[in-house]
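Sequence lines set the chain letters: A, B, ... in the order given, protein chains first and strands last, and positions in each chain run from 1. Predicted model only: the values in this text are computed from it and were never measured.
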Amino acid sequence: MAMNERYEPQSIEQRWQSRWEGAGAFRAGRRPEVEKRYVLEMFPYPSGAMHMGHARVYTIGDALARYLRMRGYDVLHPIGFDALGLPAENAAIKDGRHPAERTRENIVAFRAEMKTLGYAFDWEREVVTADPSYYRWNQWFFLKMLERGIVYRREGKANWCTGCATVIANEQVVEDNRCERCGSPVVEKVIPEWAFRITAFAQDLLDGLDGLTEWPERIVTMQRNWIGKSVGAEVDFAVPGQEPIKVFTTRVDTIHGCTYVVLAPEHPLVERLTRPERQAEVRAFVERMRKTDAAERTGEAAPKEGVFTGARAVNPYTGEEVPVWIANFVLAEYGTGAVMSVPAHDQRDFEFARKYGLPIRVVIQPAKGERLPRGDALTEAYTADGVLEASGDATGLDSAAAREKLAAEAKARGFGQPTVRWHLRDWGFSRQRYWGTPIPVVYCPDHGVVPVPEDQLPVTLPAEALITGTGEPPLAKVPSFVNTTCPRCGGPARREVDTMDTFVDSSWYYARYLSPKDDTRPFDPAEAKRWLPVDVYVGGPEHAVMHLLYFRFWHRVMHRLGLVQEDEPVKRLVTQGIVNGPDGRKMSKRWGNVVAPGPIVARFGADTVRLFMLFAAPPEKDIDWSDEQVDGLFRFLSRVWRIFHARQECFRAPEAALAQAQGDFLELRRKTHRTIKRVTDGIQGDLKFNTSIAALMELVNALYALEPASEPDRAAVREALIAVATLLAPFAPHAAEELWHEVLGPAARDALLAEHPWPAFDPALVAADVVTIAVQVNGKLRGEVQAPVAAGEAEVRALAEGEERVRAHLDGKSVRKVVFVPKRLINFVVGG
RNA sequence: GGGCGGGUGGCGGAACUGGCAGACGCACCAGACUUAGGAUCUGGCGCCGCGAGGCGUGAGGGUUCGAGUCCCUCCCCGCCCA
């Protein structure tokens with residue numbers, strides 16, 4: 001046997017990668033007759049070299065994909081590159097290189113690095129969003145959505161990032177009004193832009209969440225909050241001589257307890273209704289608020305502050321006049337920018353009322369329990385539902401019924417209506433940047449906005465754009481691009497110079513993988529019927545509300561277009577944790593704790609890196625990089641390697657001898673079959689690869705403890721070795737493949753372990769015939785006994801009472817009760 | 001402040017529907033082999049105690065024959081939102 005004595009991954013990994021590729025082992029769709037599985041990881045943005053986070057996601061997805069393939073499914077496990085976007089463009093501004101060129105290079109490097117990790121991707125389906133053959137379908141979707149009114153043009157207030165010099169989405173504005181990408185301040189700017197009417201799908205997207213039972217609950221919750229449905233009513237408070245103040249409330253049942261109204265400082269009515277004598281104070285306050293950050297202003301911890309405008313508004317239900325204030329905790333953008341304040345039943349209103357001496361009026365009593373005192377004796381607001389009092393016609397109703405009645409009344413009497421509000425906003429996707437999908441419309445002096453006809457797609461990005469990062473969009477400065485003709489009249493026209501948000505690209509790429517080369521449509525619906533939805537989607541939880549909401553929206557649009565059959569794109573979502581530096585801090589140049597996968601792979605091999613990613617913790621947990629732990633995993637693979645080498649004499653043992661294995665070797669067989677079960681269970685349930693690998697380690701340890709001496713012994717060892725190699729295949733595929741071929745020899749010359757069936761365990765061997773039963777006295781462990789599995793209480797009790805240590809604790813005491821749990825324990829409850 | 005996760009040895013983590021807490025790995029200690037060891041193999045390794053034994057899953061209470069697991073009160077950490 002020519003087996004190398006030492007484990008040298010460098011000498012084997014590449015060989016297997018070529019063989020897998022040569023055999024097309026990971027090509028999807030080769031077995032239309034079997035069940036499919038679509039395993040997807042979020043595709044990378046190739047901004048530079050691969051980092052550990054990438055290695056982790058793709059290793060998790062790959063282990064699963066390889067496992068499922070061995071389970072006999074036709075597995076689709078594709079990969080591509082999210083190649084358009086700001087970082088490439090910003091880098092271009094810095095060093096003057098064209099984003100296309102840089103992106104191409106990055107992809108080449110990235111792809112090569114992914115290949116060294118041995119991922120079982122179907123590379124023939126690779127998709128690059130920067131290719132016109134991809135983004136033309138973004139444009140196609142745009143046109144379809146424009147036709148259906150899902151895309152529209154609006155003059156909107158937009159978040160303008162002063163650093164990126166572009167509009168960014170609400171979701172991309174992070175703390176302190178800063179840009180998610182570059183950290184620069186974000187200011188408000190009025191700009192014409194294109195938007196997707198995602199709000200028209202709000203209810204749908206919300207309802208769909210109920211069906212996502214295999215998504216992490218917290219992601220579902222985040223989406224639910226982001227969509228943010230609130231059911232309530234709009235009510236007009238009349239102001240003499242002015243237009244009424246429109247307030248939105250979810251608690252119209254408390255409206256008889258409204259004792260004042262509060263406007264946002266930016267509310268357009270503020271200026272007009274403020275009484276002359278209050279003008280100076282109000283202006284000063286508005287000015288101060290303008291300079292304060294919204295989050296800081298409305299934070300629960302922030303003190304409630306406000307000023308009286310001198311004006312009064314009429315509560316339409318009671319005809320009562322209430323004072324109008326402005327305050328820091330009301331935001332113009334939220335709701336109507338005005339709220340009715342019910343201090344008895346809203347904590348914030350309560351605190352405000354206390355501070356400024358405004359009246360507090362109780363109008364809701366708890367349905368049961370103690371009655372609330374008068375308003376001035378309250379110590380905090382009562383915010384739960386209850387029964388109405390002092391509320392006119394609605395008195396005596398419970399809150400829910402009152403809300404319905406009062407909202408309907410508003411409508412009937414013409415001063416309001418039942419209303420549903422959403423936190424979700426339409427998705428503005430225009431970007432004043434170069435490196436994105438051109439928006440396929442032209443502006444004609446005679447015909448206005450004219451869509452580019454489908455047969456003229458793609459509108460390609462001109463290579464010669466000057467990218468400076470300032471001023472008007474780069475495309476505006478390319479005359480050959482801008483100047484075109486109107487598709488309708490043939491006269492001169494100008495092209496749209498904005499490009500699309502790159503979240504468009506990632507909203508449907510999973511479908512493009514189904515027929516990536518199709519140049520007649522975005523993808524083949526017949527393929528979609530076979531492969532969608534994605535069975536498992538692996539990626540970071542940071543995409544909980546943007547990408548994961550947008551692509552759910554997009555899938556619904558595709559559903560309406562008849563391209564896909566179902567509403568939801570992904571059945572099961574797996575969110576993986578971060579790989580931190582060895583010091584437990586986020587990997588960053590700033591801390592100098594960055595460890596790149598490349599050099600680690602070069603030194604220890606891909607299999608060790610993969611094992612590390614899987615063994616450190618379950619997928620959803622954050623992990624710290626650990627050089628020691630990596631050493632340990634390399635050592636494990638070396639140990640596996642050595643035991644195969646040391647047991648070469650077992651490779652030819654006849655399988656027929658297995659049945660005669662006895663003693664330790666029968667135990668080894670049990671261990672082997674239990675390991676198959678444990679490894680399988682680990683993957684199958686919650687992707688607990690760490691426990692699967694631990695089980696494999698135990699089996700390897702068991703092999704080290706045994707010295708086979710007979711034919712049956714050797715057969716048992718051989719069986720264990722084959723199991724080790726096979727079970728290792730999803731995790732450390734190269735070593736597994738090599739060792740498997742070593743054991744099987746010529747018999748497996750043309751076979752690949754990657755395509756081999758996953759092993760089955762023999763239930764008879766998994767089931768124990770003798771079990772260890774814990775013996776307790778008064779709940780404390782006092783010994784253990786071996787007993788046949790089927791042993792009943794009497795038998796186990798007799799055995800237990802035979803134990804000296806147990807007897808010592810039973811002597812002279814009366815056994816009051818015996819608790820017997822078959823196969824587990826027996827507990828003597830004794831007294832006096 | 002709200003929502004969702006978490007707190008288990010020196011460290012990462014195991015523990016099925018309440019049933020022997022600490023699997024597996026790392027680190028550490030000891031021994032063997034060795035010219036050598038940052039290699040390898042074997043053994044040890046929660047804490048206190050010479051021992052018998054006692055104590056131990058963030059703190060305190062409860063339910064139970066039995067609680068890491070269930071219930072109540074509280075503390076701390078992380079993420080998301082405000």
Side-chain angles (χ1 to χ4, degrees), chain A residues 5-7 171 174-175 216-226 228 293-302 329 331 334 347-348 351 383 423 540-545 575 577-578 580 582 584 586 611-612 614-618 620-636 638-639 641-643 646 674-675 677-679 681-682 685-686 688-702 704-705 771-785 805 808-809 815-831:
Chain A
E5 216 166 316
R6 285 186 47 187
Y7 172 53
E171 293 91 322
V174 296
E175 236 174 296
E217 202 187 292
R218 68 188 192 108
I219 304 291
V220 171
T221 304
M222 282 166 76
Q223 291 218 349
R224 184 166 284 124
N225 293 340
W226 191 262
D293 176 76
E296 191 180 313
R297 227 175 78 182
T298 57
E300 204 74 31
F329 59 84
L331 289 176
Y334 196 74
Q347 189 58 26
R348 208 154 51 171
E351 286 166 31
T383 58
H423 174 258
E542 67 275 16
H543 293 108
V545 284
T575 50
I578 290 171
N580 289 316
K586 205 174 155 78
L611 278 182
F612 174 82
L614 300 171
F615 186 67
E620 64 280 4
K621 284 200 73 167
D622 288 354
I623 59 178
D624 296 346
W625 180 259
S626 158
D627 290 320
E628 291 79 17
Q629 205 68 239
V630 169
D631 285 340
L633 270 334
F634 181 79
R635 203 176 304 151
F636 167 63
S638 304
R639 251 168 92 74
W641 194 270
R642 269 195 309 275
I643 196 67
R674 279 178 199 145
T675 302
K677 180 168 164 36
R678 282 176 66 194
V679 172
D681 289 350
D686 290 322
K688 296 205 154 197
F689 301 112
N690 55 335
T691 60
S692 291
I693 293 167
L696 268 173
M697 288 171 167
E698 284 188 52
L699 180 56
V700 171
N701 290 345
Y704 267 86
V771 289
T772 305
I773 290 177
V775 183
Q776 296 183 340
V777 177
N778 281 346
K780 285 191 194 298
L781 185 70
R782 296 302 178 193
E784 53 186 38
V785 293
R805 259 183 82 212
H809 286 91
V815 175
R816 281 216 264 255
K817 186 176 171 183
V818 175
V819 181
F820 176 63
V821 182
K823 294 190 271 189
R824 296 221 177 262
L825 65 62
I826 185 163
N827 184 15
F828 295 90
V829 183
V830 302

Notebook entry, point to check: Are A:Arg642 and B:rC41 close enough that a side-chain N or O sits under 4.0 Å from OP1 or OP2?
Noted result: yes
Next item on the list: Measure from CZ on A:Arg348 to P on B:rG2 and round the result to the nearest Å.
Entry: 14 Å
Checklist line | Side-chain N,O (A:Lys780) to OP1/OP2 (B:rG66) below 4.0 Å | finding: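 Negative; the distance criterion is not met.
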Checklist line | Qualifying residues under salt bridge (Lys or Arg N to Asp or Glu O under 4.0 Å), relative to A:Arg782, sequence neighbours excluded | finding: none
Notebook entry, point to check: side-chain hydrogen bond (donor to acceptor under 3.5 Å, both in side chains) with A:Arg218: which residues, sequence neighbours excluded?
Noted result: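 In terms of side-chain hydrogen bond (donor to acceptor under 3.5 Å, both in side chains), with neighbours along the sequence ignored, A:Arg218 is linked to no residue.
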Next item on the list: Check the pair A:Arg6, A:Trp641 against side-chain contact (heavy atoms from CB on, under 4.5 Å), reporting the backbone distance first and the verdict last.
Entry: CA-CA 7 Å; A:Arg6 285 186 47 187; A:Trp641 194 270; 5.7 Å; no
Next item on the list: Using whole Å, report how far CG of A:Asp622 lies from P of B:rC80.
Entry: 10 Å
Notebook entry, point to check: What residues form a side-chain hydrogen bond (donor to acceptor under 3.5 Å, both in side chains) with A:Gln223, not counting sequence neighbours?
Noted result: A:Arg552
Next item on the list: Could you pull out all residues at least two apart from A:Thr772 that satisfy side-chain hydrogen bond (donor to acceptor under 3.5 Å, both in side chains)?
Entry: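 So A:Thr772 forms a side-chain hydrogen bond (donor to acceptor under 3.5 Å, both in side chains) with A:Gln786.
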Check: Looking at the side chain of A:Tyr704, which of B:rU42, B:rC79, B:rU40 is the nearest nucleotide?
Finding: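 That would be B:rU42.
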Item checked: Under 4.0 Å protein heavy-atom contact, by nucleotide of nucleotides 18-37 of chain B - B base, S sugar-phosphate only -> -BB--BBBSS----------
Notebook entry, point to check: Which residues pass the ring-ring contact (aromatic ring centres under 6.0 Å, His included) test with A:Phe828, sequence neighbours left out?
Noted result: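 Not a single residue meets the ring-ring contact (aromatic ring centres under 6.0 Å, His included) criterion with A:Phe828.
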Notebook entry, point to check: Relative to the 5' end of RNA chain B, which residue comes earlier, A:Lys688 or A:Asn225, by the nucleotide with the nearest heavy atom?
Noted result: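 Its nearest nucleotide lies further toward 5', so the answer is A:Asn225.
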Check: What residues form a ring-ring contact (aromatic ring centres under 6.0 Å, His included) with A:Phe820, not counting sequence neighbours?
Finding: none
Notebook entry, point to check: Once you round it to whole Å, what is the distance between P of B:rC79 and CG of A:Asn580?
Noted result: 10 Å
Check: salt bridge (Lys or Arg N to Asp or Glu O under 4.0 Å) with A:Lys677: which residues, sequence neighbours excluded?
Finding: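 So A:Lys677 forms a salt bridge (Lys or Arg N to Asp or Glu O under 4.0 Å) with A:Asp681.
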Next item on the list: For B:rC70 and B:rG5, measure between their P atoms and round to the nearest Å.
Entry: 12 Å
Look for any protein N or O under 3.5 Å of an N or O in nucleotides 47-50 of chain B and output each such pair with its distance, or none.
none

Check: A:Pro216 near the nucleic acid: base, sugar-phosphate alone, or nothing, with a heavy-atom cut-off under 4.0 Å?
Finding: nothing
Margin query: Can you give me the dot-bracket string for RNA chain B, 5' to 3', counting Watson-Crick and G-U wobble pairs with both distances under 3.5 Å, using [ ] for crossing pairs and | for partners on another strand?
Written below: (((((((..(((......[....))).(((((.......))))).(((....)))..(((((..]....)))))))))))).
Next item on the list: Using whole Å, report how far CG of A:Asp681 lies from C1' of B:rC16.
Entry: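 One finds 9 Å between C1' of B:rC16 and CG of A:Asp681, rounded.
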Check: Can you tell me how far C1' of B:rG6 sits from CZ of A:Arg218, to the nearest Å?
Finding: 11 Å
Note to self: Looking only at the side chain of A:Arg782 (C-beta and beyond, no hydrogens), which of the listed nucleotides B:rA82, B:rA14, B:rG53 gets closest?
What the structure shows: B:rG53
Next item on the list: Could you pull out the closest heavy-atom pair between A:Arg348 and A:Phe329, with the gap in Å?
Entry: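 Of all heavy-atom pairs spanning A:Arg348 and A:Phe329, the closest is NE-CD1, 3.6 Å.
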Check: For B:rG9, does the O4'-C1'-N9-C4 (purine) or O4'-C1'-N1-C2 (pyrimidine) torsion place it in syn, i.e. within 90° of 0, or in anti?
Finding: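 For B:rG9, whose glycosidic angle is within 90° of 0, the conformation is syn.
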Notebook entry, point to check: Considering all heavy atoms of both residues, which atom of A:Ser692 and which atom of A:Gly682 are nearest to each other, and what is their separation?
Noted result: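 It is OG-CA, 3.4 Å.
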Note to self: Under the rule for side-chain hydrogen bond (donor to acceptor under 3.5 Å, both in side chains), what residues qualify as partners of A:Asn778, not counting sequence neighbours?
What the structure shows: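 side-chain hydrogen bond (donor to acceptor under 3.5 Å, both in side chains) check on A:Asn778 returns nothing, list empty.
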Item checked: B:rG18 versus B:rC65 - spacing of their C1' atoms, nearest Å -> 12 Å
Next item on the list: Whole angstrom is fine here: how far is it from CZ in A:Arg816 over to C1' in B:rG66?
Entry: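 Value for this atom pair: 16 Å.
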Margin query: Test of understanding: with side-chain contact (heavy atoms from CB on, under 4.5 Å), list the residues that count as partners of A:Ser638, not counting sequence neighbours.
Written below: A:Tyr7, A:Phe634, A:Arg642
